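The first residue of the sequence shown is numbered 1, and numbering continues consecutively from there. The structure displayed is predicted, hence computed values, not measured ones.
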Amino acid sequence: MKINRYQIQKAVRYLKHYGLKEFFIRLAEKSEPEHISYESVYKKQMVGAAELRRQRRESDRWLGRPMFSCIAAGNQDIWQERLKRQSYRNWELCMADEGFQRAAASAAGSYFVLLASDDVPAPDALYRLAETIVFPEQIVQSGVHWESGMTPDIIYTDEDMLTEEGEGYEYPLFKPDYSPDLLEQYCYMRHLFCVSRELALETAEQEKSPVYSADDRDMDCFVRACAARAGSIVHIPRVLCHRAHRALKEQMPPDRPVLVNTCGTDFSEEQPLVSILIPNKDERSALEKCLASIARSTYRNYEIIIIENNSESQEIFDYYGRIQEENPRIRVCRWGGRGFNYSAINNFGEVQANGEYLVFLNNDIELLTPDWMEQMLNSCIRSGVAAVGGKLYYPDDTVQHAGIVVGIGGHARGVAANMCVGLARNDPGYMGRAVLKQNMSAVTAACMMMKRSVFREIGGFTEKLAVAFNDVDLCLKARKAGYLIVFDPKVEAYHYESKSRGMEDTEEKVYRFQQEIEYMREQWNDILRYGDPYYNPNLTLHRTDYSLRNP
């Protein structure tokens with residue numbers, strides 16, 4: 001990278017405003033190569049012969065070590081050879097050529113490991129699974145888990161592909177922890193998948209169509225059904241399953257997963273009231289475009305509350321008067337505070353609302369999906385969901401927001417960042433993460449629907465966070481209370497926020513920003529320390545494209 005005068009000046013400003021420590025962190029981020037080879041990542045996870053011998057000796061002495069019934073499809077002799085390489089020795093092979101149920105009925109293991117014909121388990125795969133079962137209190141997953149640890153009902157791992165020659169590895173799938181919304185569309189848990197005997201047999205018995213082939217796609221519905229009934233699901237963030245290269249020819253590539261069509265709720269008869277909250281100060285043209293896009297909505301039971309924030313021009317007040325006369329759905333409520341405090345403004349707006357569901361909407365949003373409220377309600381109406389966020393684009397049709405990951409960000413070290421920024425609108429992204437509905441730790445409140453009951457339960461927006469991270473904090477409070485956050489890419493909008501807003505480099509802004517960073521670091525130290533459960537520790541913390549982390 002060439003160093004020019006502008007970059008030197010920028011570095012000096014950064015050092016002045018954010019200090020020596022953050023300067024060197026940022027310098028390290030900038031110097032990290034954009035492309036990390038998967039070979040270098042995998043070499044860090046590979047285990048040698050000495051380590052495999054140690055694992056064998058250690059696991060042979062474990063009390064209460066589980067037996068794994070490896071239920072496999074394909075050639076029995078090949079499977080015997082593959083499993084003999086395992087460092088963990090308490091297993092049996094059950095061939096499932098006549099179906100999963102027949103194999104499961106004769107299996108003796110306390111856990112079943114479901115193996116497709118093109119799976120090649122890593123030699124330490126069964127050891128890692130057993131370790132997770134024998135020592136549940138020591139489980140370290142991809143990220144923070146606020147619920148107490150339990151003996152797992154399901155364990156799944158990361159995976160990759162063998163090269164065509166069979167001597168190397170490529171196309172790694174570094175997965176999130178359990179994301180029910182993602183699993184509904186993309187059965188990412190399938191390789192390597194381990195399930196307790198009790199849960200597997202119960203699920204097979206209760207499913208309406210319980211005859212499953214042991215091979216790949218036919219097992220997807222069984223995996224989903226097990227996950228829906230499980231009490232504890234553990235993700236081991238290591239590649240412990242290699243897929244034969246021919247799988248690439250039989251399936252869609254890993255970055256274009258097969259989708260499953262799901263039916264939503266019919267809102268044609270009963271429509272809960274949705275309250276749309278839009279803060280505004282002196283801005284007419286953007287607000288006008290925003291309101292026009294709402295007017296194109298197919299959902300009809302909504303109200304719009306414009307939260308007036310210290311406007312100074314007579315033009316905007318004349319505009320307010322006219323739109324309230326023309327549209328009975330619109331109310332303008334004047335916030336009595338001073339300055340700008342996004343959290344306080346929206347907390348005030350919530351008090352004025354009448355709806356069961358709140359939509360927080362920036363005035364520079366133009367909604368592109370006519371049925372956006374129905375789409376959001378389909379998820380938000382579910383009992384375990386707190387909030388839903390949409391997919392936002394810059395005016396040039398590149399992504400501005402596809403969910404938020406906690407722990408990514410330059411001088412906002414370890415706080416949060418929008419994902420897939422700059423990606424082309426129709427690009428599916430890594431593992432389809434830009435185009436699939438999924439659970440995230442947070443979504444932006446520039447376009448977010450939240451249950452009003454949950455908003456009140458968790459105390460609304462934290463007013464100490466006047467400008468930055470208030471939406472992240474709100475979502476994390478909901479997550480800690482046991483609720484899910486959903487990113488729905490079918491809800492699309494333009495966000496006319498500038499791509500280059502510039503550094504917050506006045507003394508007052510820098511001080512405020514640093515205070516908000518410190519609040520997040522103190523309040524959410526556990527997730528910042530252990531990681532975002534919907535991300536993966538093998539992925540970079542320096543960019544938002546799901547690229548590999550420098551080992």
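The side chain to side chain donor-acceptor pair (under 3.5 Å) with H495 is formed by just one residue from the set E366, K391, Q400; it is Q400. Test D158, T132, T157 against H235 for side chain to side chain donor-acceptor pair (under 3.5 Å) and you get one pass: D158. No option in R190, H242, K175 other than K175 meets the side chain to side chain contact (heavy atoms under 4.5 Å, CB included) test with E159.
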Note to self: Go through it in stages, so that I can follow the logic: the residues are Y393 and V399, the test is side-chain contact (heavy atoms from CB on, under 4.5 Å), and I'd like the CA-CA distance, side-chain angles, deciding distance and then a yes or no.
What the structure shows: CA-CA 4 Å; Y393 306 108; V399 174; 4.2 Å; yes
Check: Do R243 and D119 pass the salt bridge (charged side-chain N to carboxylate O under 4.0 Å, His left out) test, and can you show the C-alpha distance, the side-chain angles, and the key distance before you say yes or no?
Finding: CA-CA 5 Å; R243 309 286 311 285; D119 288 345; 3.2 Å; yes
Checklist line | Y546 and Y535: CA distance, side-chain angles, deciding distance, ring-ring contact (aromatic ring centres under 6.0 Å, His included) verdict | finding: CA-CA 8 Å; Y546 292 93; Y535 200 49; 5.6 Å; yes
Check: Run the side-chain contact (heavy atoms from CB on, under 4.5 Å) check on Y169 and V239 step by step: do they pass?
Finding: CA-CA 10 Å; Y169 308 98; V239 171; over 6 Å; no
Item checked: Derivation and outcome, side-chain contact (heavy atoms from CB on, under 4.5 Å), residues C70 and L126 -> CA-CA 10 Å; C70 298; L126 296 185; 4.2 Å; yes
Next item on the list: Please test N439 against V486 for side-chain contact (heavy atoms from CB on, under 4.5 Å), starting from the C-alpha separation and ending with a verdict.
Entry: CA-CA 5 Å; N439 304 108; V486 177; 3.7 Å; yes
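A salt bridge (charged side-chain N to carboxylate O under 4.0 Å, His left out) check over residues 377-389, counting only residues at least two apart or in different chains, returns the pairs D181-R382. Among residues at least two apart or in separate chains, ring pair (Phe, Tyr, Trp, His ring centres under 6.0 Å) pairs with a member in residues 51-74 are W62-Y127, W62-F135, F68-Y88.
You'll find the side chain of I517 reaches within 4.5 Å of the side chain of F469, heavy atoms only. With contacts defined as side-chain heavy-atom distances shorter than 4.5 Å, the pair L192/L129 qualifies. Counting heavy atoms from C-beta outward, S441 and P533 have side chains that approach closer than 4.5 Å. Proximity of L548 to T540: side-chain heavy atoms (C-beta onward) are nowhere separated by under 4.5 Å. Proximity of F222 to T203: side-chain heavy atoms (C-beta onward) are separated by under 4.5 Å at one or more points. Contact of the F487 side chain with the L436 side chain is not registered, since no non-hydrogen atoms from C-beta on lie closer than 4.5 Å. In this structure, the side chains of E131 and R128 come closer than 4.5 Å at one or more pairs of heavy atoms. Taking 4.5 Å as the limit, some side-chain heavy atom of R479 sits within range of a side-chain heavy atom of Y534.
Side-chain N or O atoms of R521 include none that pairs as donor or acceptor with a backbone N or O of N525 at under 3.5 Å. A donor-acceptor pair is defined here as one N or O able to donate and one able to accept, closer than 3.5 Å; no such pair exists between the side chain of T398 and the backbone of Y394. Distance alone, capped at 3.5 Å, is enough to place a donor-acceptor pair between the T369 side chain and the E492 backbone. No donor-acceptor distance shorter than 3.5 angstrom exists from the side chain of S379 to the backbone of M376, with no hydrogens or angles considered. A side-chain donor-acceptor contact under 3.5 Å links R197 to the backbone of A107. Judged by distance alone, with hydrogens and angles left aside, the side-chain atoms of Y188 form a donor-acceptor pair with the main-chain N or O of S179 at under 3.5 Å. S117 contributes no side-chain N or O that, together with a main-chain N or O of G74, makes up a donor-acceptor pair within less than 3.5 Å. The main-chain N or O of V405 is never found under 3.5 Å from a side-chain atom of D532 such that the two would form a donor-acceptor pair. Panel note: side chain D488, backbone K437; no donor-acceptor pair is recorded below 3.5 Å. The backbone N or O of I78 lies less than 3.5 Å from a partner atom in the side chain of N75, making a donor-acceptor pair.
Shown here are the side-chain contact (heavy atoms from CB on, under 4.5 Å) partners of R85, two or more places apart in sequence or in another chain: R82. Under the side-chain contact (heavy atoms from CB on, under 4.5 Å) criterion, A445 pairs with Y342, F360, M448, F461, D471, not counting sequence neighbours. Considering only residues two or more places apart in sequence or on other chains, E81 meets the side-chain contact (heavy atoms from CB on, under 4.5 Å) condition with K84. I381 meets the side-chain contact (heavy atoms from CB on, under 4.5 Å) test with T265, F267, Y357; sequence neighbours excluded.
In terms of heavy atoms, A227 sits closest to L183 at CB-CD2, 3.6 Å. Shortest non-hydrogen contact noted between C226 and F193 is CB-CZ, 4.2 Å. In terms of heavy-atom proximity, P180 sits nearest to L484 at CG-CD1, 3.7 Å. Scanning both residues, P121 and A125, for their nearest heavy atoms gives CB-CB, 4.1 Å. A387 approaches C380 most closely through the heavy-atom pair CA-SG, 4.4 Å. The nearest pair of heavy atoms linking V195 to A200 is CG1-CB, 3.9 Å.
Interatomic distance, NE2 of H191 versus CE of M219, reported as 10.0 Å (0.5 Å rounding). In this structure, R549 CZ and S40 OG are separated by 13.5 Å, a value rounded to the nearest 0.5 Å. To the nearest 0.5 Å, atom CD of residue E92 and atom OG of residue S69 are 3.5 Å apart. Here the CZ-CG distance, from R65 to N90, works out to 4.5 Å after rounding to the nearest 0.5 Å. Rounding to the nearest 0.5 Å gives a distance of 13.5 Å between OH of Y156 and SG of C194. Atom CG of D124 is separated from atom CZ of R56 by 11.5 Å, given to the nearest 0.5 angstrom.
Neither side chain, D160 nor Y42, offers a donor N or O lying under 3.5 Å from an acceptor on the other.
Crowding of E198 atom CD: a count of heavy atoms from other residues, nucleotides or ligands under 6.0 Å not exceeding 12. Other residues, nucleotides and ligands contribute at most 12 non-hydrogen atoms within 6.0 Å of the CZ atom of R102. Atom CZ of R529 has 12 or fewer neighbouring heavy atoms from other residues, nucleotides or ligands inside a 6.0 Å radius.
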